[in-house]
Amino acid sequence: MEYMLLWRMLPLLALGASFLFLFYVQNYSSKLPHKECSLLPYQRYWIASKRIVTPQGVISGAVEIKEGKIVTIVKEEDRHWNSKEGHVVDYGEAVVMPGLIDMHAHLDDPGRADWEGFPSGTKAAAAGGITTLVDMPLNNFPSTMSQETLKLKIEAAKERIYVDVGFWGGLVPENAFNSSSLEGLLNAGALGLKSFMCPSGINDFPMTNINHIKEGLSVLAKYRRPLLVHAELQQDSESHLEIKEGSDDPRLYSTYLKTRPPSWEEAAIKELVTVTKDTRNGGPAEGAHLHIVHLSDSSSSLDLIKKAKSGGDSITVETCPHYLAFSAEEIQDGDTRFKCSPPIRDSANKEKLWEALLEGHIDVLSSDHSPTLPELKLLDDGNFLKAWGGISSLQFILPVTWSYGQKYGVTLEQLALWWSERPAKLAGLELKGAIAVGNHADIAIWEPEVEFDLNDGYTVYLKHPSISAYMGSKLSGRTLATFVRGNLVYKKEEHAPAACGVPILAR
Ligand SMILES: *[C@@H]1O[C@H](CO)[C@@H](O)[C@H](O)[C@H]1NC(C)=O
Ligand SMILES: *[C@@H]1O[C@H](CO)[C@@H](O)[C@H](O)[C@H]1NC(C)=O
Ligand SMILES: [Zn+2]
């Protein structure tokens with residue numbers, strides 16, 4: 001009883017506890033900051049501001065950075081620091097926050113770099129205050145499902161990433177029952193695995209069933225790394241059959257929405273919670289963790305997750321800014337920029353997602369940035385059933401969460417929790433996720449009050465800005481500067497000359 005209460009009241013603590021045993025070592029390579037990596041020519045300096053977001057709250061003061069790490073944090077009133085001790089960058093009223101960690105992005109590199117690619121994707125990330133992202137194992141080619149294919153990823157990232165990048169590996173039928181294959185992938189540094197319970201949208205990445213997932217969890221238990229699951233299970237519902245027969249207009253958003261009802265998410269999660277029992281203390285997969293990606297259904301699916309959590313299963317769930325910003329009623333017919341799966345549902349569902357996030361039942365946010373070529377989005381044709389499913393959003397996740405969160409009283413501390421602290425714990429990134437002494441100096445500086453129009457005059461670093469559902473909207477929260485391990489990698493529409501992000505590998 002006591003345990004259940006603690007779990008409910010302190011979801012973060014519970015999440016932390018299940019991962020305390022992790023010991024990931026990151027490969028920073030031997031590169032030290034140098035003038036190509038940083039727009040600031042100092043190895044030791046202070047960042048000062050009236051609003052610094054720390055795990056202990058928002059303070060006015062300064063943070064000292066030395067050789068890529070945070071070495072001192074002082075409050076204004078304890079003025080132990082002054083300009084004599086080193087260079088001070090004073091950001092005044094701008095917010096100094098831990099850099100965002102996006103644990104779910106598709107950069108499609110190698111193999112489909114014309115969809116996004118490491119350089120444009122990580123430049124967009126840096127411009128949006130993201131300091132680390134974890135790349136998904138599919139939409140690149142070949143898919144990342146073996147030691148060899150992970151090596152191709154790491155090779156492709158070399159000197160082409162502007163922020164730090166970790167990698168999920170793929171759990172697919174081909175490797176699920178082959179523990180030496182999975183172990184090879186995990187030994188090579190995959191931070192965890194990802195699988196689909198429905199067709200992934202790309203033939204090179206086949207779906208798994210619950211037996212594959214159970215097997216995957218048992219291997220992951222030894223490594224204490226998570227399994228991320230796309231939880232939709234195809235149900236041959238009547239509405240689905242109807243559409244197959246072609247009776248509905250494919251340009252109507254409602255037609256698409258009907259093809260992927262909430263019952264698909266619910267059915268998948270119902271199966272998943274039969275195997276997450278294994279992750280409980282003393283269970284056969286203790287040490288493994290199951291994380292449900294991009295939840296859209298805020299009703300029955302969420303109830304199942306809550307129940308599993310309270311029973312002691314090691315399970316968490318994320319949602320994405322597009323489910324919190326948009327609702328089905330607002331999506332114009334033919335506007336396939338908004339197609340993603342699971343789909344964006346109605347506004348009542350959206351309100352309940354916000355409620356769950358604010359109450360801590362949804363643990364974390366991710367972008368699920370999933371771009372493609374404009375021609376595959378079928379923007380002219382507007383056929384929702386044939387267009388590529390995926391929302392392009394990476395550069396905008398901070399201002400979107402902030403702008404749409406205003407109505408719900410979202411705080412800076414909550415942003416740091418959803419976008420930095422919890423993703424760091426889930427991905428096992430020990431020295432990231434908070435402005436704390438000893439951590440990497442991964443920092444986003446931004447002005448929450450500054451409004452901007454996302455129009456043609458706005459500099460978007462994504463490869464295909466036209467396919468982003470956010471183009472045309474008005475947002476508030478402009479990024480001023482982004483530091484990755486102490487390197488000033490972005491400031492006011494300028495990136496550092498060299499791409500000095502490093503691959504993050506688990507060990
Ligand atoms: C770390 O990265 C460097 C440079 O990319 C590489 O030479 C080295 O082998 C890596 N070390 C590990 C343990 O992966
Ligand atoms: C299992 O994977 C290993 C390493 O990838 C491979 O050499 C072996 O042939 C696979 N075994 C089976 C039965 O597919
Ligand atoms: Zn995805």
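The structure displayed is predicted, hence computed values, not measured ones. Every number for a ligand or one of its atoms is a count from 1 in the order of the listing.
- Look at H106 and the Zn ion (ligand 3): an N/O/S atom of the residue is under 2.8 Å from the metal.
- Two residues are said to be in side-chain contact when any heavy atoms from C-beta on lie closer than 4.5 Å; W419 and P321 meet this criterion.
- Within the 4.5 Å cutoff, side-chain heavy atoms of S392 are placed close to those of H369.
- The minimum heavy-atom distance between T132 and V163, with the atom names listed, is N-CB, 4.5 Å.
- No other N/O/S atom of D368 lies as close to the Zn ion (ligand 3) as OD1 does.
- Looking at H104 and the Zn ion (ligand 3) together, the shortest N, O or S contact belongs to NE2.
- In this structure, D335 and Y253 have side chains that are not in contact, with every pair of non-hydrogen atoms separated by 4.5 Å or more.
- Of the protein's non-hydrogen atoms, the one nearest atom 5 (O) of ligand 2 is S181 CB, 3.9 Å.
- In terms of heavy atoms, L227 sits closest to S195 at CD1-N, 4.3 Å.
- Within a 4.0 Å radius of atom 7 (O) of ligand 2, the protein contributes no non-hydrogen atoms.
- Within ligand 2, counting atoms from 1 as listed, the ones closer than 4.0 Å to a heavy atom of S180 are 1 (C), 2 (O), 3 (C).
- Atoms of ligand 2 found under 4.0 Å from any heavy atom of N178, numbered from 1 in the order shown, are 1 (C), 2 (O), 3 (C), 8 (C), 10 (C), 11 (N), 12 (C), 14 (O).
- Counting only heavy atoms, the protein never gets under 4.0 Å from atom 13 (C) of ligand 2.
- Residues L505 and F167 are in side-chain contact: their nearest non-hydrogen atoms beyond the backbone lie under 4.5 Å apart.
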